[in-house]
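Computed from a predicted model, the values in this text were never measured in an experiment.
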Amino acid sequence: MHLLSPWFAGLLVLGALPVLIHLHGRRRAKVRKLPTLLLLLASHRRVAQRTRLRHLLLLLLRVLVMVALPLLLAKPYIETTSDLPAQISAPQSAVLVLDDSLSLRGQKEAGRAGPLLAEAKRQATRLVSALPPGAQAALVLGSRGGAAPVPELTADRARLFSAISAVQPSFRGTDLPTALKRAAQILHTVGTAQRRVYLITDATVHAIEAGMQPPPDIEVAVIDVSEGTPRANRAVVDVRADAALSLGPRAVRVTAEVANHGDMPVKELPITLLVDGRAVAKGLLDLPARGHAVKRFVHILQPPPDAAAEGTGAPPPPTSPPGLHHVSVRLDPDLLPEDDERHLRVEVQRTLRVLVLDGDPRTLRRDDEAFYLEMALRPGEREDTGIQVTTQPLDEATPALGDLDAIFLVNAKAEEVQRLLAPLKAYVQKGGGLFIALGDNVDVDAYNGALGDLLPQPLAVVKTTGPVARSSREAASESSGESAPSGPGEHLGRIDRRHPILVPFGVGRASESLLSARFDRYFLLKPTPRSAAEGATVVLSFESGAPALVERTLGRGKVLLFTSTLDRDWNSLPIQPAFLPLLQQAVRYLSREPLRETEQPTLIGQPRDIRLQSGDTRVEVTLPSGQKRLFDRLSGRQVLSFLHTVEPGLYRVAAGGDGGLLRPRPSEYFVANIDPLETDLQAAPQQRVQQLTRPLAQRTPTVGQGSAPRRRVELWHSLGALLLVFLVGEALLLRQR
């Protein structure tokens with residue numbers, strides 16, 4: 001045992017003072033023989049025994065009080081072997097890297113309360129306490145984008161303790177290499193030879209990357225707060241949504257990928273789909289050990305409450321703008337509940353108005369030129385497809401083109417289109433979309449002469465690659481002749497899935513039916529310098545390289561030219577499953593509302609660019625927890641870089657001018673999710689840890705280094721508590737007199 005104030009230990013002799021006082025003040029009874037008191041003698045002896053025992057106890061308590069007082073002033077302590085690094089007792093300059101990333105929000109094992117970060121903070125406090133007098137330390141956080149609560153070396157222990165206590169759990173990912181670089185920069189400001197970094201982390205496989213090296217001339221000690229305990233964890237690592245067009249415009253297919261980072265398989269794991277915070281579907285999922293599984297949900301998104309209650313006067317809720325939905329997938333909680341839910345922003349497009357100009361109407365609907373096109377845009381005669389289709393022959397009066405989102409010109413004769421050329425050209429130049437499909441009624445010379453300003457490229461000749469009905473062949477030969485004999489047909493070539501029209505064919509085996517369609521006849525196009533100058537691009541092409549679908553930008557609008565037919569006369573595409581999504585996506589592309597790819601969500605800690613409109617001077621961002629961040633004085637700026645992505649969930653944006661109301665900006669709403677790498681709680685291999693913590697070869701041993709560190713356990717706190725107990729006991733004994 002050691003004493004911080006040994007001069008007070010000399011007062012221990014005062015412990016004999018109560019004994020002397022007790023002996024000096026003891027009364028001696030005089031012997032008086034009174035026969036009348038003989039009857040009370042037996043009772044007196046019993047009382048005397050109890051009194052003697054009480055006096056002895058009182059004497060013992062007073063002795064203990066007198067002994068405890070000087071010991072309390074001397075502040076005794078004992079030293080025991082500590083589990084801290086051996087270097088902690090040597091003079092040094094140190095930086096504590098405290099890992100506050102998402103993985104430390106989890107528990108060490110099932111049934112244990114509190115996150116691992118609490119244990120990490122306790123270890124950091126012990127390290128600061130164990131530093132020798134005169135040692136300086138700094139504090140750096142190990143999460144991505146984390147701050148440095150104490151960015152410079154200081155000997156102020158109170159400041160270090162306060163900074164450690166203020167560290168809160170975060171949702172950010174781990175970035176220990178950057179934290180080590182920052183620690184090295186702090187230590188390079190001092191000239192002392194003893195420079196060390198104490199890395200306090202859970203030592204997961206994603207935290208300690210392969211190949212991590214200690215900074216030059218600096219030793220690193222890794223303190224694993226998980227103690228290598230295996231931690232099985234399940235997490236939703238990916239969520240995406242695709243349009244389920246066959247079920248309507250509001251139908252979405254939500255695909256969730258779930259990972260099992262444990263060594264045991266999981267059977268019938270409950271998984272829930274939530275839309276706008278409400279559970280709409282549930283299912284079960286089987287996960288292999290150290291593997292992944294996919295769960296798919298199909299859900300029809302309901303209109304927002306204000307649209308459903310139209311006419312009731314109810315105001316629209318501020319959190320549910322029309323067409324925008326907050327979708328998430330959730331698992332039952334485990335050791336790390338924060339990664340058991342993943343979020344997605346899903347937007348439903350408006351209803352589009354499409355006019356189909358039928359160049360070959362028939363009495364029998366199935367033989368009509370526009371039959372398959374109508375079925376693709378409105379499958380099953382449904383009225384809720386999000387596309388309103390109007391079909392009419394070219395000889396009828398057309399409605400106002402400015403009210404339409406897209407126009408289809410299907411196998412029309414050039415002389416019938418002649419009266420619509422000027423309105424069509426003006427419509428496209430003002431931002432409209434025109435789709436031109438060819439067929440038997442198309443005369444090459446007449447089309448090039450009449451529609452030359454609209455066609456992406458001039459027509460050349462008809463190419464026949466497979467068997468075609470006799471009437472069709474004759475009609476084609478009358479128009480332009482044939483350039484190839486009959487054959488087995490031709491298929492589409494490689495698909496460039498980067499184009500917005502082909503987005504639905506970028507997942508799984510969706511493109512197989514598109515590539516399996518056989519084309520027996522199509523038009524060849526003439527290459528012209530104008531096509532390259534005006535930005536005409538080939539969206540789809542055949543195996544031979546001939547264009548199948550060509551796009552041209554005209555003014556603010558677009559024109560798509562399909563070199564074959566939209567019925568079964570020249571190809572088998574209309575009976576392929578790919579025909580429906582291809583045509584619907586083409587309509588939305590021409591209408592400037594394509595079914596976009598699932599937006600890549602922002603990860604926690606990553607910046608998010610918020611686009612500003614003309615006149616925006618203030619922006620308010622509402623975090624998933626309800627906290628608000630207001631940014632003003634934004635006049636003249638086009639983009640606001642939002643850096644406070646600290647919570648998973650949906651972020652809502654409102655913007656406005658000076659003095660005006662802040663109005664919701666649904667187009668700028670976004671979601672932030674946790675980094676999937678943080679969900680793997682598997683411990684890093686010991687080889688990595690040893691590679692990071694190897695000592696410097698040129699370091700010479702110092703006093704206190706190389707042996708097991710000692711931990712001080714102070715006893716005077718316990719002595720103070722015992723002193724109070726002794727005083728209370730003395731008071732109770734005195735009351736019994």
Side-chain angles (χ1 to χ4, degrees), residues 245 249 351-362 365-379 381 385-414 416-421 423-442 447 450-451 454-456 459 500-501 522-523 539-540 548-552 554 557-571 573-574 578-595:
L245 299 177
T351 301
L352 305 178
R353 292 161 295 182
V354 178
L355 174 63
V356 178
L357 298 176
D358 192 350
D360 190 12
R362 300 292 180 90
R365 187 166 181 265
R366 188 176 183 86
D367 295 336
D368 195 283
E369 188 77 24
F371 171 73
Y372 291 99
L373 173 60
E374 291 178 351
M375 291 297 98
L377 300 183
R378 193 172 56 190
E381 299 292 341
T385 60
I387 301 177
Q388 181 181 348
V389 183
T390 302
T391 304
Q392 66 178 48
L394 284 167
D395 55 0
E396 294 184 1
T398 58
L401 302 184
D403 298 332
L404 301 173
D405 294 296
I407 298 176
F408 278 76
L409 190 61
V410 183
N411 195 17
K413 297 180 180 180
E416 293 178 346
V417 185
Q418 192 71 35
R419 65 181 182 86
L420 295 175
L421 286 180
L424 281 176
K425 185 175 180 180
Y427 164 76
V428 174
Q429 289 179 336
K430 292 180 181 179
L434 176 63
F435 192 106
I436 302 175
L438 306 179
D440 297 338
N441 292 333
V442 175
Y447 248 63
L451 280 75
L454 290 176
L455 293 175
L459 305 182
I501 293 180
Y522 57 86
F523 275 87
V539 180
L540 285 173
L549 183 63
V550 187
E551 172 192 354
R552 176 194 175 192
L554 180 61
K558 295 182 180 298
V559 179
L560 290 175
L561 174 62
F562 187 59
T563 59
S564 189
T565 63
L566 291 181
D567 61 4
R568 297 181 60 188
D569 287 349
W570 288 10
N571 59 76
L573 179 62
F579 187 69
L580 185 149
L582 178 65
L583 268 294
Q584 290 206 6
Q585 186 71 346
V587 169
R588 296 192 178 277
Y589 178 69
L590 292 173
S591 306
R592 300 181 183 276
E593 290 203 10
L595 297 175

K.L.:
Parallel, tilted or perpendicular for Phe435 and Phe562, by the 30°/60° rule?
P.N.:
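Phe435 vs Phe562 ring planes: tilted.
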
K.L.:
Verify, without hydrogens or angle tests, whether Gln584 (side chain) and Ala376 (backbone) share a donor-acceptor contact under 3.5 angstrom.
P.N.:
yes

K.L.:
Would the distance check show the side chain of Asn441 and the main-chain N or O of Gly359 forming a donor-acceptor pair, the cut-off being under 3.5 Å?
P.N.:
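Yes, because the side chain of Asn441 sits within donor-acceptor range (under 3.5 Å) of the backbone of Gly359.
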
K.L.:
Taking the six-membered ring for Trp and the full ring for Phe, Tyr or His, determine whether the centres of Phe523 and Trp570 are under 6.0 Å apart.
P.N.:
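Judged by ring-centre distance (under 6.0 Å), Phe523 and Trp570 do meet the cut-off.
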
K.L.:
Can you find a pair of side-chain heavy atoms, one from Leu352 and one from Leu590, that are under 4.5 Å apart?
P.N.:
no

K.L.:
Quick check: does any side chain N or O of Asn411 sit under 3.5 Å from a backbone N or O of Asp440, one acting as donor and the other as acceptor?
P.N.:
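Flag set: sc Asn411 to bb Asp440 pair under 3.5 Å.
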
K.L.:
Search all heavy atoms of Asp360 against all heavy atoms of Asp358 and return the closest pair with its distance.
P.N.:
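So the minimum-distance heavy-atom pair works out to N-OD1, 3.0 Å.
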
K.L.:
Is there side-chain contact between Leu401 and Leu424, with at least one heavy-atom pair below 4.5 Å?
P.N.:
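Heavy-atom side-chain distance check passes, below 4.5 Å.
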
K.L.:
Do you know the tightest heavy-atom contact between Val559 and Leu454?
P.N.:
CG1-O, 3.4 Å

K.L.:
Closest heavy-atom contact between Tyr372 and Arg568?
P.N.:
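Heavy atoms only, the tightest pair is OH-CD, 3.0 Å.
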
K.L.:
Calculate, to the nearest 0.5 Å, the distance between atoms OG and CD1 belonging to Ser591 and Ile387 respectively.
P.N.:
8.0 Å

K.L.:
So does Arg353 get a backbone contact from the side chain of Asp405, meaning a donor-acceptor N/O pair under 3.5 Å?
P.N.:
yes

K.L.:
When rounded to the nearest 0.5 angstrom, what is the spacing between CG in Leu540 and OG1 in Thr563?
P.N.:
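Those atoms lie 9.5 Å apart.
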
K.L.:
Let me see the working for Leu434 and Leu554 under side-chain contact (heavy atoms from CB on, under 4.5 Å), right down to the final yes or no.
P.N.:
CA-CA 10 Å; Leu434 176 63; Leu554 180 61; over 6 Å; no

K.L.:
Given Val410 and Val356, is the side-chain contact (heavy atoms from CB on, under 4.5 Å) satisfied, shown in steps?
P.N.:
CA-CA 7 Å; Val410 183; Val356 178; 4.1 Å; yes

K.L.:
Give, for atom CG of Asp567 and atom CZ of Arg362, the distance between the pair rounded to the nearest 0.5 Å.
P.N.:
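Answer for the CG-CZ pair, Asp567 versus Arg362, is 8.5 Å.
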
K.L.:
For Arg552 and Leu455, what are the C-alpha separation, side-chain angles and deciding distance, and is it a side-chain contact (heavy atoms from CB on, under 4.5 Å)?
P.N.:
CA-CA 8 Å; Arg552 176 194 175 192; Leu455 293 175; 5.9 Å; no

K.L.:
Within the 4.5 Å heavy-atom criterion, are Lys558 and Val428 side-chain neighbours or not?
P.N.:
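No, too far: nothing below the 4.5 Å cut-off.
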
K.L.:
Is a side-chain donor or acceptor of Glu416 paired with a backbone partner of Asp395 at a separation under 3.5 angstrom?
P.N.:
no

K.L.:
Contact between Leu582 and Leu573 at the side-chain level, heavy atoms closer than 4.5 Å - yes or no?
P.N.:
yes

K.L.:
Tell me, do Leu451 and Leu409 make a side-chain contact under 4.5 Å, heavy atoms counted?
P.N.:
yes

K.L.:
Nearest heavy-atom pair of Ala412 and Val417: which atoms, and what distance?
P.N.:
CB-CG2, 3.5 Å

K.L.:
Which atom pair, heavy atoms only, marks the closest approach of Leu420 to Pro423?
P.N.:
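Of all heavy-atom pairs spanning Leu420 and Pro423, the closest is O-CD, 3.3 Å.
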
K.L.:
Without swapping roles, check the side chain of Asn571 against the backbone of Thr565 for a donor-acceptor pair under 3.5 Å.
P.N.:
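Pair found, side chain donor or acceptor close to backbone of Thr565.
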
K.L.:
Is there side-chain contact between Leu561 and Leu438, with heavy atoms separated by less than 4.5 Å?
P.N.:
yes

K.L.:
Starting from the C-alpha separation in whole Å, work towards a yes-or-no answer on side-chain contact (heavy atoms from CB on, under 4.5 Å) for Val354 and Gln388.
P.N.:
CA-CA 6 Å; Val354 178; Gln388 181 181 348; over 6 Å; no

K.L.:
Glu396 and Arg419: which non-hydrogen atoms are nearest, and at how many Å?
P.N.:
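Minimum heavy-atom separation between Glu396 and Arg419: O-NH2, 2.8 Å.
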
